[in-house]
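A short worksheet on the structure shown next.
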Amino acid sequence: MIDRRILVVDDDEHLRELVQACLEDLGGWETLVARSGEQCLEILKTERPSAILLDVSMPGMDGIAVYDRLQSNPMTRSIPVILLTAKVLPSDRAKFAKMGVTGVIPKPIQPATLTAEVADILGWD
C-alpha cells in the first residue's frame, strides 16, 4: 500500500474540514491541514505529503506564491500540487498548465466526487 498523505491548504476552515473529511472518510487517505500559505511552508519543513491541495485565493501568501516557493525548493518541487479555485477561466487553466500544476479542482467542490477527482488527477487507482 502506497503511503498517501495529502496536505490541504485553505484559509476557509469549513472547506478545510469538508475536504479533510472527504479524503479521510471516502478516500481512506491521511491528511495534514494548513490554514495559510505560510503554515503550508512550515509544515513542509518536516513533512513530505504525497500531494498538496492548494487554495489559490488566500490572504497573505496566495496559492500561486506558495506554488512558486514550492517549485524553487528542490525538496518540495516534486510534490504534486492540485489547485482549488473558484475562478477557473479557460485562460486560467492554460496559465496553471504552463506553471506545471498537476491539476485544478473548481470550487465549490463536490464532496461526493472529490476523492475520485483527486485520485484521477494524481493517477491513483
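No experiment lies behind these values; they were computed from the predicted model shown.
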Between Pro49 and Leu32, the two heavy atoms sitting closest are CB-CD1, 4.4 Å
Test side chain to side chain contact (heavy atoms under 4.5 Å, CB included) on Asp92 and Leu89 and set out the steps.
CA-CA 5 Å; Asp92 289 335; Leu89 303 167; 3.8 Å; yes
What are the two closest non-hydrogen atoms of Leu122 and Ala51, and how far apart are they?
CD1-CB, 3.6 Å
Nearest heavy-atom neighbours spanning Cys40 and Leu7:
SG-CD2, 3.8 Å
Contacts of type side chain to side chain donor-acceptor pair (under 3.5 Å), residue Arg5, not counting sequence neighbours:
Glu30, Glu47
Do Leu41 and Met58 belong to the same hydrophobic cluster, where Ile, Leu, Val, Met, Phe, Trp and Tyr are linked whenever their side-chain heavy atoms lie under 4.5 Å apart, directly or via other members?
yes
Of all residues at least two apart in sequence or in a different chain, which pass the side chain to side chain donor-acceptor pair (under 3.5 Å) check with Glu42?
Lys45
Any chance you could measure Leu83, atom CG, to Ile64, atom CD1, to the nearest 0.5 Å?
5.5 Å
Spell out, as yes or no, whether a donor-acceptor pair under 3.5 Å connects the side chain of Thr102 to the backbone of Val81.
yes
Which value, rounded to the nearest 0.5 Å, describes the distance between Asp62 atom CG and Ser36 atom OG?
12.0 Å
When rounded to the nearest 0.5 angstrom, what distance separates CZ in Arg93 from OG1 in Thr85?
9.5 Å
Between Val66 and Val9, does a side chain to side chain contact (heavy atoms under 4.5 Å, CB included) hold up when you go through it step by step?
CA-CA 10 Å; Val66 173; Val9 186; 5.8 Å; no
Under the side chain to side chain contact (heavy atoms under 4.5 Å, CB included) rule, what do Leu114 and Ile105 come out as? Steps first, then yes or no, please.
CA-CA 8 Å; Leu114 180 65; Ile105 294 178; 3.9 Å; yes
Calculate, to the nearest 0.5 Å, the distance between atoms CG and CE belonging to Asp68 and Met61 respectively.
10.0 Å
Answer yes when Lys107 and Asp12 have at least one side-chain N-carboxylate O distance shorter than 4.0 Å, and no when they do not.
no
Which pair of heavy atoms, one from Thr76 and one from Arg69, lies closest together, and at what distance?
OG1-O, 4.3 Å
Looking at every non-hydrogen atom in both residues, tell me the closest pair between Arg16 and Arg35 and how far apart they are.
NH1-CB, 3.1 Å
With the 4.5 Å side-chain cut-off for hydrophobic clustering, are Trp124 and Val19 part of the same group?
yes
Determine whether Ile109 and Leu23 fall in the same hydrophobic cluster, where Ile, Leu, Val, Met, Phe, Trp and Tyr are linked whenever their side-chain heavy atoms lie under 4.5 Å apart.
yes
Side chain to side chain contact (heavy atoms under 4.5 Å, CB included) test vs Val118 passes for just one of Leu26, Thr113, Ile82, namely Ile82
Looking only at heavy atoms, the pair that brings Thr115 and Trp29 closest together is O-CH2, 3.5 Å
So, Tyr67 side chain and Met99 main chain: donor-acceptor pair closer than 3.5 Å or not?
yes
In Å, rounded to the nearest 0.5 Å, how long is the span from CD1 of Ile52 to CD1 of Ile43?
9.5 Å
Can you tell me how far the OG atom of Ser78 sits from the CD atom of Gln71, to the nearest 0.5 Å?
9.0 Å
